[in-house]
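Structure record follows, encoded as structure tokens.
Here, residue 1 is the first one in the sequence, and each next residue gets the next number. Below, each value reflects all heavy atoms present in this structure, side chains not excepted, and no hydrogens, waters or symmetry copies.
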Amino acid sequence: IVTSQVMRQHDPGNPLYDETINREIETLFRDFVKPEKKCLLETVLDDGSIWDNPVGRTVNPGHAIETSWFLMEEARRRNDSRLLSGALQILEWSLEIGWDPKFGGILYFVDCDGKQPEPYEWDMKLAWPHNEALYATLLAHHLTGDAKWANWYERLHEYSFRYFPDRQYGEWFMYLHRDGTVSSA
């Protein structure tokens, strides 16, 4: 979706980009968005059904949050309240399922059924999902004026700027352990 959005900016008369975006949005909501599980899955079976195993139940909150802002940007461009609503729902679900209730921050992977995630790095905190979430919540607040998004932004900002900055050398640490200690510089 986002690649086609960028390409459309540089080749505005080409219908290929809108066609691709439309097809991908349709596929996303038909096959990967699972309202009954309140999540956007990474992997589904060919018919869009849930693959009931650890891989099929995996949610990557960072990817889902990133997808939500791609959709919000498209909804803004089209002035499409239905698409915006779907994007906001994905964002809300992803923040709720991905937020670590014990230490704060966004977990790298979660299982949509609350089981133990399969990836060994499931409980790590990576900088990029937090960056995606900061942007997505600001965009959601800008588009809706809903204070819930400002509250999420503040929560994410507080966590992100407490744990990720490398105060000695600048930049951010990219990988943290679940408790917020640095895993890798």
message = Tell me every residue that passes ring-ring contact (aromatic ring centres under 6.0 Å, His included) with Trp51, counting only those two or more places apart in sequence or in another chain.
response = none

message = As a quick check of understanding, evaluate side chain to side chain contact (heavy atoms under 4.5 Å, CB included) for Thr20 and Met7, giving each step before the final call.
response = CA-CA 11 Å; Thr20 301; Met7 295 300 294; over 6 Å; no

query = What residues form a side chain to side chain contact (heavy atoms under 4.5 Å, CB included) with Glu92, not counting sequence neighbours?
reply = Gln89, Glu96, Lys148, Trp149

message = Would the distance check show the side chain of Ser4 and the main-chain N or O of Ile1 forming a donor-acceptor pair, the cut-off being under 3.5 Å?
response = no

remark   = For His177, the side chain to side chain contact (heavy atoms under 4.5 Å, CB included) test, sequence neighbours excluded, returns Asp179, Thr181, Ser183

query = What about the rings of Tyr163 and Trp172, do their centers lie closer together than 6.0 Å?
reply = no

request  = Tell me, please, which residues at least two apart from Leu138 pass side chain to side chain contact (heavy atoms under 4.5 Å, CB included).
outcome  = Tyr153

key: Interatomic distance, Leu156 atom CG to Asn151 atom CG [nearest 0.5 angstrom]   = 11.0 Å

query = Would you say the side-chain atoms of Lys125 pair up with the backbone N or O of Arg178, donor to acceptor, closer than 3.5 Å?
reply = yes

Glu26/Arg23 salt bridge by N-O under 4.0 Å criterion = no

query = Would you call the rings of Phe164 and Tyr159 parallel, tilted or perpendicular if under 30° counts as parallel and over 60° as perpendicular?
reply = perpendicular

key: pair Glu24-Ile21: side-chain heavy atoms closer than 4.5 Å   = no

Trp152: partners by ring-ring contact (aromatic ring centres under 6.0 Å, His included), with sequence neighbours left out = Trp99

request  = Tell me, yes or no, whether the heavy-atom count around Asn79 atom CG, taken from other residues, nucleotides or ligands under 6.0 Å, exceeds 12.
outcome  = no

inquiry  = Applying side chain to side chain donor-acceptor pair (under 3.5 Å) as the test, list every pair that has at least one member in residues 37-46; sequence neighbours left out.
reply    = Lys37-Asp113, Glu42-His63

note = In this structure, CD of Glu74 is separated from CG of Asn22 (nearest 0.5 Å) by 7.5 Å

